[in-house]
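Structure first, commentary second.
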Amino acid sequence: VQRMHLIQMDSVQRWMEDLKFMTDCE
Amino acid sequence: RAAAGRALGNLGNSHYLLGHFTQAILFHKQRLAIAKEFGDTAAQRRAYSNLGNAHIFLGRFDLSAEFYKKTLQLSRQLKDPLVEAQSCYSLGNTYSLLQEYEKAIEYHLKHLTIAQELGDRVGEGRACWSLENAYISLGNHERALHFAEKHLEISQEIGDPN
């Protein structure tokens with residue numbers, strides 16, 4: 001289960017890394 | 001007042017980029033209020049998207065999902081498929097964080113369809129990667145394998161060895 005969770009998280013982690021620098025500018 | 005709205009949005013974004021997420025939310029909420037006052041749906045859409053992003057880093061995934069749904073609704077109203085695709089991708093990832101994998105799959109599939117329509121191979125690859133992981137979490141290895149194969153094919157095509 002823990003391994004599944006880790007696999008699950010890699011695509012989400014990548015998204016969150018990109019999200020840190022993502023803003024919808026005025 | 002319209003300029004004040006833009007300034008508030010910029011302040012929200014600056015705080016966000018500095019990692020001041022609570023401050024960012026305060027500014028984006030004020031920006032949203034002014035956008036509503038003017039009936040400016042494009043600015044409302046941006047504010048909802050920024051609010052969704054900021055709540056992710058405060059661990060309020062439930063609130064992020066609500067803001068992203070508003071973003072999705074307005075992107076459809078504004079007929080902006082790029083933003084619609086991005087909203088679906090955000091919702092898919094947010095529902096993964098909430099461990100609601102069926103809903104995550106629903107939105108990642110919507111993202112996949114739009115990416116295919118737009119000929120966006122990078123987006124399509126990311127959708128396949130996300131779907132592969134969501135299906136693994138549900139124990140549906142057959143579907144996971146299907147999307148892993150598509151992900152591999154697209155990664156090779158776009159030259160992404162990672």
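Labels below follow one simple rule: chain letters A, B, ... track the order of the sequence lines, proteins then strands, and each chain is numbered from 1.
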Pull out the residues in [range] that come under 4.5 Å of chain A, heavy atom to heavy atom, sorted by number.
{"range": "residues 54-64 of chain B", "answer": "B/Ile56, B/Phe57"}
{"range": "residues 107-126 of chain B", "answer": "B/Arg126"}
{"range": "residues 8-23 of chain B", "answer": "B/Gly9, B/Asn10, B/Asn13, B/Tyr16, B/Leu17"}
{"range": "residues 29-47 of chain B", "answer": "B/Arg31, B/Arg45, B/Arg46"}

For [X] versus [Y], what's the shortest heavy-atom pair and its separation?
{"X": "B/Ser87", "Y": "B/Tyr68", "answer": "CB-O, 4.3 Å"}
{"X": "A/Trp15", "Y": "B/Tyr89", "answer": "CD1-CE2, 3.5 Å"}
{"X": "A/Ser11", "Y": "B/Asn133", "answer": "OG-ND2, 2.9 Å"}
{"X": "B/Ser130", "Y": "B/Asn93", "answer": "OG-OD1, 4.5 Å"}
{"X": "B/Gly159", "Y": "B/Pro161", "answer": "O-CD, 3.3 Å"}

Notebook entry, point to check: In terms of hydrophobic clustering (I, L, V, M, F, W, Y; side-chain heavy atoms under 4.5 Å; direct or indirect links), are B/Phe67 and A/Val12 co-clustered?
Noted result: yes

Just verifying a value: how many Å separate [X] [atom1] and [Y] [atom2], rounded to the nearest 0.5 Å?
{"X": "B/Thr71", "Y": "B/Tyr48", "atom1": "OG1", "atom2": "OH", "value": "8.5 Å"}
{"X": "B/Ile136", "Y": "B/Glu132", "atom1": "CD1", "atom2": "CD", "value": "5.5 Å"}
{"X": "B/Lys70", "Y": "B/Ser75", "atom1": "NZ", "atom2": "OG", "value": "13.0 Å"}

Side chains of [X] and [Y] in contact at under 4.5 Å (non-hydrogen atoms):
{"X": "B/Leu74", "Y": "B/Gln77", "result": "yes"}
{"X": "B/Ile154", "Y": "B/Trp129", "result": "no"}
{"X": "B/Leu98", "Y": "B/Lys103", "result": "no"}

Check: Would you say B/Lys69 has more than 12 foreign heavy atoms packed within less than 6.0 Å of its NZ?
Finding: yes

Next item on the list: Please check if the side chain of B/Asn50 supplies one atom and the backbone of A/Asp24 the other of a donor-acceptor pair under 3.5 Å.
Entry: yes

Next item on the list: May I ask you to decide whether A/Arg14 forms a salt bridge with A/Asp18, counting only side-chain N to carboxylate O separations under 4.0 Å?
Entry: yes

Note to self: Using the rule given for side chain to side chain contact (heavy atoms under 4.5 Å, CB included), can you reason through B/Leu91 versus B/Leu72, listing the C-alpha separation, both sets of side-chain angles and the distance that settles it, and then say yes or no?
What the structure shows: CA-CA 9 Å; B/Leu91 277 161; B/Leu72 178 60; 3.9 Å; yes

